[in-house]
Amino acid sequence: MGYREFRSDTMTRPSQAMRQAMAAAEVGDDVCGEDPTVHRLEEMAAALLRMEAALFVPSGVFANQCAIGVHCQPGEEIIVSESAHVVAHESGAAALLSGVQLRAVVPARERYLTPQDVEPRIRVGEDVHHPRTRLIILENALSDGTVMPVEAMAEMARVADNHRVSIHLDGARVFNAALALDVAPCELSRHADSVSFCLSKGLGAPIGSLLCGAKEFIHRARRRRKAMGGGMRQVGVLAAPGLLALEEGRRRLGEDHRRARDLAVGLAALPCVRVDLDAVQTNMVYAHLDHPTLSETDLVERLWRRDIRVYPPLPEGIRFVLSSEVGDEDVAAVIEAVRGILRR
Ligand SMILES: *Cc1c(COP(=O)(O)O)cnc(C)c1O
């Protein structure tokens, strides 16, 4: 292949074992509830998060939007961080598909929403002017790879309970978060009414996400999934690599976290490179360059010339994402490449 892939953990390609599992998968018509491999995947997901039921859907966006559509009626309001995926990266789907209003809040104290951000914004009473607050959406891990502590989630759950508002956890990387926080994944899901997570990121499956929740919620989500065009037929061929993602992919996430740390420490030691090491909590590293003549865009361009793939710089810096596509030698190669570029 000749290149080193640091753009995203969505770039992970299925392993040989996953391809074999796809070929061998036992299948049936899942819209009719007859795909045994999908059943196994949904049961495993629900068990891992200790929720009653789960639903296999095409993507993380799909899972979030399906959840929003089940939790909310058109015209209702969701409180969510301004930087959340549903606000910034889902093509306006919450308005488009569910007719809801996103109350996007910039967290005042932490990277994540705290009760101080949320509670004053929950609308109470029956004022005809007000949209009804229905849902809080949290992320863990956050899109920047940092995590929300368990106690912060518990506090938010208490606030939500008091006001009879539900919580959806966008847990696209919930297993990374659990690992970083050193807790079982169910310690995060227990503070939410519904949880979505991606099989197709660091877990390594080619496609797919799961939406988890109470039986009645998932029953309604199944109907909503069909309405959104997400009823898939012999989709056991995609659930099969998903099972491997949960069984085996999950076990190797720690390697990505360790390599993220190695990369962060290596880059931080270089002149003109700035890395907030405290913010390296899962599989992402953000690096800033403070150089008299070389911009972050220049650096990215030069890395590409050395076959190191990273996205154009963000306001938060140049992002490096660790995944099964990346080994120790790739981490060492990036550090050496940046060192070489800076020396010129
Ligand atoms: C990637 C991601 C999603 C969406 O997943 P897709 O499978 O790409 O649709 C949702 N939320 C967060 C926080 C993510 O990182």
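Each ligand, and each atom within it, is numbered from 1 in the order the structure gives.
- In terms of polar-atom proximity, defined here as any N/O pair under 3.5 Å, S209 makes no such contact with ligand 1.
- The atoms of ligand 1 that sit less than 4.0 Å from any heavy atom of E90 are 10 (C).
- What sits closest to atom 9 (O) of ligand 1 on the protein, heavy atoms only, is V61 N, 2.9 Å.
- In this structure, L199 and F56 have side chains that are in contact, with non-hydrogen atoms separated by less than 4.5 Å.
- The environment of H219 atom NE2 is sparse: at most 12 non-hydrogen atoms of other residues, nucleotides or ligands sit within 6.0 angstrom.
- Nearest protein heavy-atom neighbour of atom 4 (C) of ligand 1: H85 CE1, 3.3 Å.
- At a 4.0 Å heavy-atom cut-off, ligand 1 touches N64 through the side chain alone.
- Using a 4.5 Å cut-off on side-chain heavy atoms (C-beta onward), V31 and M232 make no contact.
- Residue contacts with ligand 1 for D170 involve side-chain atoms from C-beta outward but no N, CA, C or O (heavy atoms, distance under 4.0 Å).
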Quiz prompt | Candidate pair H85 and N64, rule side-chain hydrogen bond (donor to acceptor under 3.5 Å, both in side chains), full reasoning | solution = CA-CA 9 Å; H85 202 274; N64 286 337; 4.8 Å; no

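- For ligand 1 and C198, the ligand atoms under 4.0 Å from any heavy atom of the residue are 5 (O), 7 (O).
- Atom CZ of R252 has more than 12 heavy atoms from other residues, nucleotides or ligands within 6.0 Å.
- For the pair H89 and ligand 1, no heavy-atom separation below 4.0 Å is found.
- The nearest non-hydrogen atom to atom 2 (C) of ligand 1, considering only E139, Q65, R173, K201, comes from K201.
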Exercise. Begin with the C-alpha distance, continue with both residues' side-chain angles, and end with the deciding distance and a verdict on side-chain hydrogen bond (donor to acceptor under 3.5 Å, both in side chains) for H163 and E119.
Key: CA-CA 9 Å; H163 295 281; E119 202 159 20; 2.9 Å; yes

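- With ligand atoms numbered from 1 in the order given, ligand 1 contributes 4 (C), 5 (O), 6 (P), 7 (O), 9 (O) to contacts under 4.0 Å with heavy atoms of G60.
- The local environment of CZ in R261 is crowded, with over 12 non-hydrogen atoms from other residues, nucleotides or ligands closer than 6.0 Å.
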